[in-house]
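Each chain gets a letter, A, B and so on, in the order its sequence line appears, and its residues count up from 1. Here the structure is a predicted model, which means the values were calculated and not measured.
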Amino acid sequence: MKNIEGKHDRFFADVYDVVRLIPKGRVTSYGAIARYLGTPRSSRVVGWAMNGAGVYPDVPAHRVVNRNGLLSGKMHFATPTMMEELLKNEGIEVKDDKILNFKSHYWDPNKELAL
DNA sequence: TGATTGACTATGA
DNA sequence: TTCATAGCCAATC
């Protein structure tokens, strides 16, 4: 495991930083984060970064879903139902592993952070 | 070093 | 609209 604060892992650190900025009750997509970091083609890498986010505190990985609002990463949590429960706990409706009214809950760092 | 995998996305049928 | 395929980037084997 490399040091998260090292330059070589800056991408991962940036991903975690953006995820922490996601407001409660909001969600975003891997692609949106990747694009905000300047690497729109690295959406899969964002997912990989999330895979290691579980060991860090204050990284609400459950607020990151794919572009369809589907809880594609639910199975990577402690329990497959944990992601859904966390989202529901924040006021987000989840049905059949998918976020209802996803468009309304969507939080785009490219717009909200409006760099 | 080379091949495979994956919490993705875009495009075409 | 739904399904299949291609491209992408980093990590893992």
Which nucleotide in the list B:dC8, B:dA7, C:dC8 gets nearest to the side chain of A:Ala61? B:dA7
Determine whether the side chains of A:His62 and A:Glu90 contain a donor N or O and an acceptor N or O closer than 3.5 Å. yes
With a 4.0 Å cutoff (strictly under), does any side-chain N or O of A:Arg44 reach OP1 or OP2 of B:dT9? no
Between A:Met75 (CE) and B:dG6 (C1'), how many Å, whole number? 11 Å
Short side-chain to backbone donor-acceptor contact, A:Asn68 and A:Leu70, under 3.5 Å: no
Within the 4.0 Å heavy-atom criterion, would you say A:Ala34 contacts the bases, only the backbone, or no part of the nucleic acid? nothing
Results of side chain to side chain donor-acceptor pair (under 3.5 Å) for A:Asp97 - residues two or more places apart only: A:Lys74
From CZ of A:Phe11 over to P of C:dA10, roughly how many Å is that when rounded to an integer? 7 Å
Write down the distance between CG (A:Asn68) and P (B:dT9), rounded to a whole number of angstrom. 7 Å
If you check the A:Trp48 side chain, which of B:dG6, C:dA11, B:dA7 turns out closest? C:dA11
When you look at CD of A:Glu93, are more than 12 heavy atoms from neighbouring residues, nucleotides or ligands closer to it than 6.0 Å? no
Can you run down the salt bridge (Lys or Arg N to Asp or Glu O under 4.0 Å) pairs that involve residues 11-23 of chain A, sequence neighbours left out, and say none if there aren't any? A:Arg10-A:Asp14
Would a 4.5 Å heavy-atom cut-off, applied to side chains only, mark A:Val19 and A:Val64 as touching? yes
Rounded to whole angstroms, how far apart are CG on A:Asn51 and C1' on B:dC8? 14 Å
Nearest to the side chain of A:Phe12, heavy atoms from C-beta on, is which of C:dA11, C:dC9, B:dC8? C:dA11
Nearest-neighbour nucleotide for the A:Val45 side chain, B:dT11, C:dA10, B:dA7 considered: C:dA10
I want to check one thing: is the phosphate of B:dC8, taken as OP1 and OP2, less than 4.0 Å away from some side-chain N or O of A:Ser72? yes
Nearest-Å distance for atom pair CD1/P, residues A:Ile99 and B:dA7: 17 Å
Side-chain contact test, heavy atoms from C-beta onward, threshold under 4.5 Å: evaluate it for A:Trp107 versus A:Leu21 and give yes or no. yes
Close residues, residues 23-31 of chain A, relative to DNA chain B [heavy-atom separation under 4.0 Å]: A:Ser29, A:Tyr30, A:Gly31
Of the nucleotides B:dG6, B:dT9, B:dA7, which has the atom closest to the A:His76 side chain? B:dA7
I want to verify a distance call: between B:dA7, B:dT9, C:dC9, whose nearest atom is closest to the A:Met50 side chain? B:dA7
What's A:Asn66 touching, base or sugar-phosphate or nothing? Going by heavy atoms closer than 4.0 Å. sugar-phosphate
